[in-house]
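Each remark here refers to the structure printed beneath this line.
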Amino acid sequence: MPELPEVETVRNTLKNYIIGRRIDDLITPYPDIIKAKLSQFRNCILGQRFNDILRFGKYLIFVLDDYSLISHLRMEGKYFIRSSMDEITKHEHIIFKLDNDVFLSYHDVRKFGTMELVNIGQEFQVKSLKSIGKEVNDPNLDSQEIYKMIVKSNRAIKTVLLDQKIVSGLGNIYVDETLFRARINPEEVANKLNFQEVKNILKSAKSVIDKAILLGGTTIRTYQSSLGVDGRFQNELAVHTKENEPCLVCNDTIKKTKVGGRGTYFCPTCQKRKII
DNA sequence: ATCTATGCCTGGTGGC
DNA sequence: TGCCACCAGGCATAGA
């Protein structure tokens, strides 16, 4: 599941291939990815150039001449650069033909990903980005401000950290890793945390995310290394996917549970619940 | 206002 | 081997 570091890696990789290129054609084997009428989307996008790629949280923003294409990869979305489209494989849904006869192809096994076109400058008017929180690795993140939001909640801290309205960029993998490093139990009720603990969580989150970006993200479900998602952070994982393995810190056995419906890995010794 | 449940999807897995 | 129920999960939306 692409989280902030994976999306950042995709952004950096794609930049080398598509910046300055014009979209000459659009092939849409599965147009439902696009959150608008296909004919309108097509009319708008043909002839536009890719001028930049931005990212906010887990959202990719392709900056065109007159529009921004907002793309979310959700669970399994991937972009490939292809030199020919003689065969369109099963999970390729949206394909942009560029003016150098190269193709930018969006691939998504579960079809959860979305694409949305907005007028340039209107990116933060769309609902999903309108209410999104600051990025978790933003050096100017105000921990007081986040603390105020967190302690208003009765939800589990893990659930709160996955809520992109509080902070953006964390997904299931990096939340588990963050809470392990901060020594906080994922089921801890958010309003039981004190400021220092919240500060520690944010500090851990930033260091986890920064390191993951440096290593090109995490590759867990590998088919083959697809463009931009063959990271190396999986070697740094301390708890996520480590059920029944010894904790690197205390040697206790890593447990797997469910928190807010999500598979959750933690060390019962390092991440004890606070006494209520 | 907050929070929870459901739907969107397909491939992989485990039971029979 | 084949069939099938079930699970994984980010986010929008409906409902409590």
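Every heavy atom of this structure was used, including side-chain atoms; hydrogens, water molecules and symmetry mates were not.
- The base of C:dG9 sits within donor-acceptor range of the side chain of A:Arg110, with an N or O pair under 3.5 Å.
- For A:Arg82, the CZ atom is densely surrounded, since the number of other residues' heavy atoms within 6.0 Å is greater than 12.
- Nucleic acid contact class of A:Ser128 (heavy atoms, under 4.0 Å, all strands): sugar-phosphate only.
- The phosphate of B:dG11 (OP1 or OP2) has a side-chain N or O of A:His91 nearer than 4.0 angstrom.
- In this structure, A:Phe112 counts as stacked on the base of B:dC8 under the 5.5 Å centre distance and 30° plane angle limits.
- Remark: of the listed residues A:His240, A:Lys158, A:Glu177, A:Lys158 is the sole one forming a side-chain hydrogen bond (donor to acceptor under 3.5 Å, both in side chains) with A:Asn172.
- The residue A:Ser153 sits close only to the backbone: its heavy atoms come under 4.0 Å of sugar-phosphate atoms, none of a base.
- Backbone-only engagement by A:Asn154 is indicated by non-hydrogen atom pairs under 4.0 Å involving sugar-phosphate atoms exclusively.
- A:Gln164 has no side-chain polar atom (N or O) that falls below the 4.0 Å cut-off from OP1 or OP2 of C:dG10.
- When rounded to the nearest whole Å, the span between NZ of A:Lys165 and P of B:dC3 equals 11 Å.
- Rounded to the nearest 0.5 angstrom, A:Arg21 CZ and A:Asp99 CG are separated by 4.5 Å.
- The phosphate of C:dG10 (OP1 or OP2) has a side-chain N or O of A:Arg262 nearer than 4.0 angstrom.
- If you check every strand for non-hydrogen atoms under 4.0 Å, A:Lys90 touches sugar and phosphate atoms only.
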